Structures are given as C-alpha cells and as structure tokens.
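This report concerns only the one structure given below.
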Amino acid sequence: MPIHAVYPGSFDPFTLGHLDVAKRALAIFGELTIMVVHNPHKEATFDAQTRIELVRASLTEAGINQDALHFDVLAEGLLVQRCLEIGATVIVKGVRNGADAEYEFAMATINRDLSAVETLLLPAAPELAQISSSLVRQVASLGADVSKYVPKVVAKALNAKFGGSR
Ligand code: PNS
C-alpha cells in the first residue's frame, strides 16, 4: 500500500521553497495531501481557499503530475486528527535552518505523542533556504518584486493584492 503523507503549512503565500518540498515529498510518497492550515489567531494575506487555489495553480505551472496529490484545508482542530481521518501516516515538513529544526523537533514529538503519525523533515535546498512567506509578504506589501521567490501565479496574486508593478 502506498504511504500517504500530509504536507501542512500556512502557505501564506506558497513559495518556491514550498514547491521544492512538495516535489521531493511526491517523489518519496505514493500519495500526498497538501494541507493549508488556517490559524484563526493570525490575520492572513489570502484566505484559505485562495491559498489552496494558488498552491494548486503553482503545481500546475511547474508541470507536476497531480495524480497522487490531494488538497485540503484545515480550519480548526488538530492536524494529526485530520491525518488519521484521511488515512495519512506521515507529516512532511521542510527545514531551512537550526531554528526551524528546533521548532519542528518539538512539534514532531508532540504530534507523535498525540497519535501514531510520524514526521519526516526535509532539509531545504540551500538556494531556497532564505525564502520565507513572511519576508515575501513584507517585500510584496512594499510594492517590490517577489518573482524570484514565488511561483508566477503567486507573484501575480500578490501584485494584484498590493498593487506591485511587476
Ligand atoms: O507554515 P507554518 O505556519 O510554519 O505551519 C505550521 C503548521 C500549520 C503546520 C502548524 O501550526 C500546525 O500543524 N497546526 C495545526 C494545529 C495543530 O495540530 N497543532 C498542534 C501541533 S504541535
């Protein structure tokens, strides 16, 4: 039976770093659900539905075969609970640096304590390790070009949102 993994995140917005992790996870697992997690305590640039549409469009833009892919939004509740509901046994995450790793180790431990769901951490490609959604949001909101950091469809959506020129 193929192993079903979940790649969760805020994806606000989806970056080239996220795209790389999604591609690599698809090469490892037989089935992959990309899960946009909505944090009710955090104001988002794009609503969860728009984010998932931008993830889907980014993967299409990258020519990724989506036969083994699913998309989901988690609006409330525990991630591991949703994993169990959809039959996923692994969570996959990208790790860019030591700070990420420390945070992810703690989350992986709690998630494994809460359920039998394991976490696989993928080190970010060095050339993508400096990209973060929060920096992309900041740069885009100041009207500057973010096309080096995000898929074209995401850059377009950010330009439409913030009135960027490129
Ligand atoms: O892209 P992000 O913001 O780094 O993603 C963090 C996310 C959404 C994966 C994490 O906050 C999460 O798993 N939230 C779901 C709620 C939950 O299960 N929390 C307990 C985890 S210890």
Side-chain angles (χ1 to χ4, degrees), residues 2-37 39 42 44-46 50-72 74 79 83 88-112 117-159 161-162 164-166:
I3 297 178
H4 183 180
V6 166
Y7 178 28
S10 304
F11 303 129
D12 188 36
F14 194 69
T15 67
L16 292 180
H18 295 136
L19 178 65
D20 183 55
V21 171
K23 270 194 221 165
R24 290 160 63 195
L26 260 176
I28 297 169
F29 297 105
E31 230 182 311
L32 184 71
T33 294
I34 300 192
M35 179 95 60
V36 167
V37 180
N39 181 346
K42 217 159 95 180
T45 301
F46 295 111
T50 305
R51 279 181 264 161
I52 207 91
E53 277 157 23
L54 287 172
V55 173
R56 196 193 293 269
S58 298
L59 296 166
T60 301
E61 177 187 302
I64 290 169
N65 180 334
Q66 299 189 16
D67 290 353
L69 258 181
H70 312 279
F71 300 90
D72 201 358
L74 181 64
L79 175 64
C83 289
T89 51
V90 178
I91 292 168
V92 61
K93 297 273 193 78
V95 184
R96 292 164 302 179
N97 49 43
D100 268 5
E102 201 170 325
Y103 180 63
E104 293 299 344
F105 285 178
M107 223 171 353
T109 304
I110 290 180
N111 281 333
R112 196 151 54 88
V117 177
E118 286 282 5
T119 298
L120 178 81
L121 300 176
L122 290 179
E127 67 277 16
L128 301 173
Q130 303 304 327
I131 302 175
S132 71
S133 294
S134 59
L135 281 180
V136 165
R137 282 198 303 274
Q138 207 179 116
V139 171
S141 71
L142 296 170
D145 183 22
V146 290
S147 56
K148 267 169 71 178
Y149 313 120
V150 295
K152 284 193 185 67
V153 278
V154 174
K156 210 167 143 198
L158 286 166
N159 286 343
K161 177 106 190 168
F162 294 115
S165 54
R166 286 153 291 230

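Remember, predicted model here, so these are calculated numbers, not experimental data.
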Tell me, do [X] and [Y] make a side-chain contact under 4.5 Å, heavy atoms counted?
X	Y	answer
P8	I91	yes
Y149	L16	no
R112	T119	no
V36	S10	no

Over 12 non-hydrogen atoms of neighbours within 6.0 angstrom of [atom1] in [X]:
X	atom1	result
Q66	CD	yes
I3	CD1	no
F46	CZ	yes

With R96, which residues qualify under side chain to side chain donor-acceptor pair (under 3.5 Å), at least two apart?
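Listed in chain order: D100.
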[X] to [Y] - nearest heavy-atom pair and separation:
X	Y	answer
T15	S132	CG2-C, 4.4 Å
T109	F105	OG1-O, 2.8 Å
A25	V92	CB-CG1, 3.9 Å
M107	K93	CE-NZ, 3.3 Å
A5	A88	C-CB, 4.4 Å
L74	M35	CB-SD, 3.9 Å

Using side-chain contact (heavy atoms from CB on, under 4.5 Å), reason through V146 and V154 one step at a time and then give a plain yes or no.
CA-CA 9 Å; V146 290; V154 174; over 6 Å; no
Using the rule side chain to side chain contact (heavy atoms under 4.5 Å, CB included), only one of L69, V153, L54 pairs with L59; which is it?
L69
For I131, which of V136, D20, V150 qualifies under side chain to side chain contact (heavy atoms under 4.5 Å, CB included)?
V136
Point-to-point distance, once rounded to the nearest 0.5 Å, from CD of E53 to OG1 of T60
11.5 Å
How many angstroms lie between atom NZ of K148 and atom CG of L128, to the nearest 0.5 angstrom?
11.5 Å
So, using ring-ring contact (aromatic ring centres under 6.0 Å, His included) as the criterion, who are the partners of F11 when residues are at least two apart?
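For F11, the residues satisfying ring-ring contact (aromatic ring centres under 6.0 Å, His included) (neighbours in sequence not counted) are Y7, F14, H18.
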Does the E61 side chain pair with the main chain of K152, one donor and one acceptor, at a distance under 3.5 Å?
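Flag set: sc E61 to bb K152 pair under 3.5 Å.
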Tell me, please, which residues at least two apart from A44 pass side-chain contact (heavy atoms from CB on, under 4.5 Å).
D12, R51
Carefully, step by step, assess L122 and I28 under the rule side-chain contact (heavy atoms from CB on, under 4.5 Å).
CA-CA 11 Å; L122 290 179; I28 297 169; 4.1 Å; yes
Please report the C-alpha distance between L26 and L32 in whole Å, then the side-chain angles of each, then the deciding distance to 0.1 Å, and finally whether the side-chain contact (heavy atoms from CB on, under 4.5 Å) criterion is met.
CA-CA 6 Å; L26 260 176; L32 184 71; 4.0 Å; yes
